[in-house]
Amino acid sequence: MKLHLSKCTNSDLDKLISISRKTFIEAFAEDNNPNDFKAYMKKAFSKEQLLLELADPRSSFYLVLSENEVLGYFKLNENEAQTDIKDKNAIELERIYVKNEFQGNQVGHWMLNRIKYISANKKKSYLWLGVWEKNSNAIRFYKKNGFIKFGEHPYYIGSDKQMDWLMKLNLANLEK
């Protein structure tokens with residue numbers, strides 16, 4: 001499977017909404033209260049919200065494609081667009097998702113390698129993210145790829161207060 005990245009623009013909005021909703025539902029719907037989940041989905045992945053995020057020059061969305069099919073996507077935040085740490089030497093990986101049917105095919109690993117490359121080319125010292133403490137598969141993936149836990153923060157799905165682990169990867173030790 002040959003993969004490639006496409007940086008999102010407003011013309012990709014419908015694709016971004018579709019992949020965002022599909023992958024978030026696949027990842028988390030069954031583990032959350034349906035009412036809280038529905039409220040979160042309505043706000044987080046609305047056309048208006050994603051247009052706002054696309055318009056922010058400190059954030060970038062990338063679609064991951066094979067042929068013309070979108071397999072996944074990720075979002076990177078810099079400077080003040082970062083959700084917690086506002087470190088100019090860091091980049092936040094706010095979202096990284098792969099459709100269920102393509103998991104286990106090294107798509108996530110391919111994406112993470114591209115993210116490391118983008119981050120290193122921007123001369124960032126480290127990459128960080130928040131991951132739900134109950135998402136053991138994701139935590140295992142990040143640990144396997146060199147991320148370490150350095151803190152926690154609350155994350156809300158509707159009115160449900162959950163806890164995210166904050167994990168980071170030092171980019172200084174990576175081969176460019």
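None of these values were measured; they are calculated from a predicted model.
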> Minimum heavy-atom separation for M111 to G72, with atom names?
Replying inline: CE-C, 4.4 Å
>> Tell me whether the rings of F24 and F37 are parallel (<30°), tilted (30 to 60°) or perpendicular (>60°).
In response: parallel
>> How long is the straight-line distance from CD of Q49 back to CG of L54, given to the nearest 0.5 Å?
In response: 10.5 Å
>> Suppose the criterion is ring-ring contact (aromatic ring centres under 6.0 Å, His included): which pairs have a residue in residues 46-67, not counting sequence neighbours?
In response: Y62-F74
> Any chance CD of E101 has more than 12 other-residue heavy atoms, nucleotides or ligands included, within less than 6.0 Å?
Replying inline: yes
> Rounded to the nearest 0.5 Å, how far does CD1 of I157 lie from CG of N32?
Replying inline: 5.5 Å
>> As a quick check of understanding, evaluate side-chain contact (heavy atoms from CB on, under 4.5 Å) for L16 and L50, giving each step before the final call.
In response: CA-CA 8 Å; L16 182 59; L50 289 175; 4.3 Å; yes
>> Can you pull out every salt bridge (Lys or Arg N to Asp or Glu O under 4.0 Å) where at least one residue sits in residues 70-98? Sequence neighbours excluded, please.
In response: E53-K75, E53-R95, K75-E94, E78-K122, E78-K124
> If you look at every heavy atom in P154 and K161, which pair is closest and at what distance?
Replying inline: CB-CE, 3.6 Å
> Quick one: CD1 on I118 to NZ on K7, what's the gap to the nearest 0.5 Å?
Replying inline: 8.5 Å
> Distance-only, no hydrogens or angles: does the K22 side chain make a donor-acceptor pair with backbone N or O of N100 under 3.5 Å?
Replying inline: no
> What's the verdict on side-chain contact (heavy atoms from CB on, under 4.5 Å) for N137 and N135, showing C-alpha distance, side-chain angles and the deciding distance?
Replying inline: CA-CA 6 Å; N137 288 338; N135 192 345; 4.3 Å; yes
>> If you apply the rule side-chain contact (heavy atoms from CB on, under 4.5 Å), what do you find for K134 with D31, and how did you get there?
In response: CA-CA 9 Å; K134 294 182 181 179; D31 296 321; over 6 Å; no
>> Nearest 0.5 angstrom please: N170 CG to I148 CD1, how far?
In response: 8.0 Å
> Is there side-chain contact between L71 and E69, with heavy atoms separated by less than 4.5 Å?
Replying inline: yes
> Which atoms form the tightest heavy-atom contact between I91 and S119, and what is the distance?
Replying inline: CG2-OG, 3.0 Å
> Between S6 and L65, which heavy-atom pair has the shortest distance, and what is it?
Replying inline: CB-CD1, 3.6 Å
>> Could you check whether any side-chain heavy atom of V70 comes within less than 4.5 Å of a side-chain heavy atom of V64, counting everything from C-beta outward?
In response: no
>> Would you compute the distance between atom NZ of K168 and atom NZ of K149 and round it to the nearest 0.5 angstrom?
In response: 14.0 Å
> For L112 and F147, what are the C-alpha separation, side-chain angles and deciding distance, and is it a side-chain contact (heavy atoms from CB on, under 4.5 Å)?
Replying inline: CA-CA 11 Å; L112 189 54; F147 284 80; 4.0 Å; yes
>> Could you check whether any side-chain N or O of E26 sits under 3.5 Å from a backbone N or O of K99, counting only pairs where one atom can act as donor and the other as acceptor?
In response: no
> Is the shortest heavy-atom distance from the side chain of L52 to the side chain of E48 under 4.5 Å?
Replying inline: no
>> Could you see if L93 belongs to whatever hydrophobic cluster contains I139? Use Ile, Leu, Val, Met, Phe, Trp, Tyr and a side-chain cutoff under 4.5 Å.
In response: yes
> Of all heavy-atom pairs between M163 and H153, which one has the smallest distance, and what is that distance?
Replying inline: SD-O, 3.2 Å
>> Is there a side-chain hydrogen bond (donor to acceptor under 3.5 Å, both in side chains) between Y40 and D36? Walk through the geometry before answering.
In response: CA-CA 6 Å; Y40 179 85; D36 283 325; over 6 Å; no
>> In the structure I gave you, are the side-chain heavy atoms of W128 and N77 within less than 4.5 Å of one another anywhere?
In response: no
> Is the shortest heavy-atom distance from the side chain of F45 to the side chain of I19 under 4.5 Å?
Replying inline: no
> Between W132 and F28, what is the ring plane arrangement, given parallel below 30°, perpendicular above 60°, and tilted in between?
Replying inline: perpendicular
> Taking side chain as C-beta onward, heavy atoms only, is I96 less than 4.5 Å from L129?
Replying inline: no
>> With rounding to the nearest 0.5 angstrom, report the CG to OG distance, L63 to S18.
In response: 10.0 Å
> Can you check whether Y126 reaches I85 side chain to side chain, under 4.5 Å on heavy atoms?
Replying inline: yes
> Any sub-3.5 Å donor-acceptor pair from D56's side-chain atoms to R58's backbone N or O?
Replying inline: yes
> Should N145 and L169 count as side-chain neighbours, where that means a heavy-atom distance under 4.5 Å?
Replying inline: no
